[in-house]
Amino acid sequence: MLASQKDFNNAVSQVKLLKEDPGNEVKLKLYALYKQATEGPCNVPKPGMLDFINKTKWDAWNALGSLSKEAARQNYVDLVSRLSASSESPSPEAPAADRKQPESDSLVVTSEDGITTIRLNRPAKKNALTTQMYHDIIAALQAASKDESAITVLTGSGDYYCSGNDLTNFTHLPAGGLEEMARSAAALLRDFVNCFIDFPKPLVAVVNGPAVGISVTILGLFDVVYATDRASFHTPFSHLGQSPEGCSSYTFPKIMGSSKAAEMLLFGKKLTAQEACAQGLVTEVFPDGTFQKEVWARLKAYSKLPPNAMRISKQIIRNREKEKLHAVNAEESSVLRERWQSDECMNAIASFLSRKAKL
Ligand SMILES: CCCCC/C=C/CC(=O)SCCNC(=O)CCNC(=O)[C@H](O)C(C)(C)COP(=O)(O)OP(=O)(O)OC[C@H]1O[C@@H](n2cnc3c(N)ncnc32)[C@H](O)[C@@H]1OP(=O)(O)O
């Protein structure tokens, strides 16, 4: 028997009592089923491309096609009952006492053989960085700076290292609108990059595939960068109506000279792994077939070196630059805050989201 109107009304009330936020994807599903159950198939005009939130809601409702009101009511009631059950059951794994685990499984942090590894784990989205992942990486770096490991590694799962900022981060507009979104993104960016500037131990990037955007720019703040020969390095800021971050406006000219840096940062020239190595951004390139084996064997050997000596050596190399790097980070974040509110940037993001543009 299909759910009654009373069951549906109860489910609508129950949603408001959920203890945990079910996340945007589920909320969207609930919205679409609610509209279908109460109004039937989508019957309003499609919102404009830049009206991200209403367009996403419209798409979800419209995707339900001609599903009957009764079936939508039933699906809504079933979904709410699953959500209520899972928010009441205890969490399956208690977090380890000594390390706060990331909030989502998009980041995996492990410590073994004197190495803490922070792994971006969203292979289906090419490890694009969600807002939650920026927060989780900050927390993971803060924990790694105090743990027993000698070396910290950042790497990716799957065929990509990282496709940069998740462009849908810019579509979740808060109540304060675009201005508030840009303000809080700039503050988060600044905190994120500061953690790399201040990280006290040897920091190694194991670049397992192509790297885009912010995952490339922060490489100038790593101590060592190992790359597979399948990797490429791409900073398409002008294409996206944006400007450099991760202190790259300072580190890239220093590493590779101002004209090579300009070709990457102004014109979005994509470098192969060999080119990036020749220009000093990458330490060494390995054949893809033996990349993991060779790199991890080497890192295990390095992790046995005296940790305090490595820390102190890093301090001597990096400390005199820190003040400058913090100032650069502050300036880049503030310029981006303006850029994110520009038509150039909004149009580029809308093009990507509507599948008209890819890098
Ligand atoms: C706190 C805020 C700080 C902000 C700091 C600012 C940083 C600036 C940057 O990082 S700029 C760089 C932004 N990145 C991009 O512009 C990359 C966009 N992606 C692409 O162009 C392509 O996806 C690709 C070239 C990386 C890979 O192409 P390919 O054809 O191999 O794969 P797909 O396009 O089919 O991708 C698979 C799915 O992954 C989704 N995806 C990939 N990258 C992103 C991304 N950056 N943001 C959001 N989603 C991304 C893609 O949409 C596919 O999803 P689907 O399977 O659901 O369709």
Side-chain angles (χ1 to χ4, degrees), residues 24-25 28 52 56 59-60 63 106-107 120-139 156-174 178 180-196 207-221 230-249 252 264-270 329-342 344-359:
N24 284 342
E25 226 164 281
L28 202 55
F52 294 120
T56 309
D59 284 339
S106 300
L107 198 73
L120 310 174
N121 190 39
R122 266 185 107 206
K125 299 284 182 186
K126 310 293 183 194
N127 298 322
L129 298 171
T130 61
T131 302
Q132 185 61 53
M133 287 165 79
Y134 288 103
H135 286 291
D136 285 342
I137 293 169
I138 291 173
S157 298
D159 62 341
Y160 254 68
Y161 174 62
C162 175
S163 62
N165 187 43
D166 188 312
L167 294 173
T168 66
N169 288 342
F170 293 127
T171 61
H172 308 302
L173 284 189
L178 193 56
E180 170 58 17
M181 186 278 295
R183 191 204 57 74
S184 69
L188 179 56
L189 172 65
R190 191 170 164 181
D191 289 349
F192 177 77
V193 175
N194 276 342
C195 279
F196 287 87
V207 183
N208 56 298
V212 184
I214 189 162
S215 71
V216 178
T217 55
I218 52 169
L219 291 177
L221 301 172
R230 237 180 9 84
S232 54
F233 298 83
H234 195 187
T235 49
F237 300 126
S238 300
H239 299 67
L240 293 167
Q242 299 186 34
S243 50
E245 20 58 3
C247 293
S248 58
S249 62
F252 278 26
M264 275 191 91
L265 298 175
L266 305 188
F267 300 142
K269 181 176 184 213
K270 192 198 282 189
N329 181 27
E331 188 188 354
E332 288 177 345
S333 302
S334 140
V335 171
L336 265 172
R337 178 175 168 180
E338 299 304 317
R339 282 280 89 211
W340 287 328
Q341 297 176 67
S342 71
E344 285 182 345
C345 178
M346 280 298 125
N347 289 338
I349 292 169
S351 283
F352 174 74
L353 296 177
S354 62
R355 304 287 169 212
K356 281 198 216 126
K358 221 178 238 195
L359 297 172

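Indexing begins at 1, ligand by ligand and atom by atom, following the structure's order.
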Aromatic ring pairing Phe170/Trp340, orientation class (parallel under 30°, perpendicular over 60°, tilted between)
tilted
The atoms of ligand 1 lying under 4.0 Å from a heavy atom of Tyr160, numbered in the order shown, are 24 (C), 25 (C), 26 (C), 27 (C)
May I ask you to check whether Lys125 has an N/O atom sitting below 3.5 Å from an N/O atom of ligand 1?
yes
dist His234:NE2 -> His239:NE2 (nearest 0.5 Å) comes out at 5.5 Å
Ligand 1 versus Thr131, non-hydrogen atoms closer than 4.0 Å: side chain, backbone, both, neither?
neither
May I ask you to test the Leu120-Ile137 pair for a side-chain heavy-atom distance under 4.5 Å?
yes
Test: salt bridge (Lys or Arg N to Asp or Glu O under 4.0 Å). Region: residues 230-243. Which pairs qualify, not counting sequence neighbours?
Arg230-Asp288
Under 3.5 Å: N/O of Ile214 near N/O of ligand 1
yes
Heavy-atom proximity to atom 1 (C) of ligand 1, picking from Ala185, Gly213, Gly246, points to Ala185
Proximity winner for atom 12 (C) of ligand 1, if only heavy atoms of Asn127, Leu240, Leu167, Ile218 are counted
Leu240
Counting from 1, what ligand 1 atoms have a heavy atom of Gln242 closer than 4.0 Å?
8 (C)
Please list, chain by chain and in numerical order, all residues satisfying side chain to side chain contact (heavy atoms under 4.5 Å, CB included) with Leu173, sequence neighbours excluded.
Ile53, Leu178, Met181
With rounding to the nearest 0.5 Å, note down the distance linking CG in Leu240 to CG in Asn347.
12.0 Å
Using a heavy-atom cut-off of under 4.0 Å, does the side chain or the backbone of Ala128 touch ligand 1, or both, or neither?
side chain
Please list, in number order, the atoms of ligand 1 under 4.0 Å from a heavy atom of Gly164.
10 (O)
How about Ser157 and Asn121: does a side-chain donor come under 3.5 Å of a side-chain acceptor?
yes
Worked check of side-chain contact (heavy atoms from CB on, under 4.5 Å) between Phe252 and Val216:
CA-CA 10 Å; Phe252 278 26; Val216 178; 4.0 Å; yes
In terms of heavy-atom contacts, Thr235 and Gly213 come closest through CG2-O, 4.2 Å
Output for pair (Ile138 CD1, Cys195 SG), nearest 0.5 Å, gives 5.0 Å
Nitrogen or oxygen atoms of Tyr134 and ligand 1 under 3.5 Å apart:
no
Which of the numbered atoms in ligand 1 are under 4.0 angstrom from any heavy atom belonging to Ser163?
13 (C), 14 (N), 15 (C), 17 (C), 26 (C), 42 (C), 43 (N), 44 (C), 45 (C), 46 (N)
Indicate yes or no: does an N/O atom of Asn165 lie under 3.5 Å from an N/O atom of ligand 1?
yes
May I ask you to identify, for Asp166, whether its side chain, its backbone, both or neither come under 4.0 Å of ligand 1 on a heavy-atom basis?
both
Counting heavy atoms under 4.0 Å, the part of Phe192 that contacts ligand 1 is neither
Between Ala124 and ligand 1, which residue portion shows a heavy-atom distance shorter than 4.0 Å: side chain, backbone, both, or neither?
backbone
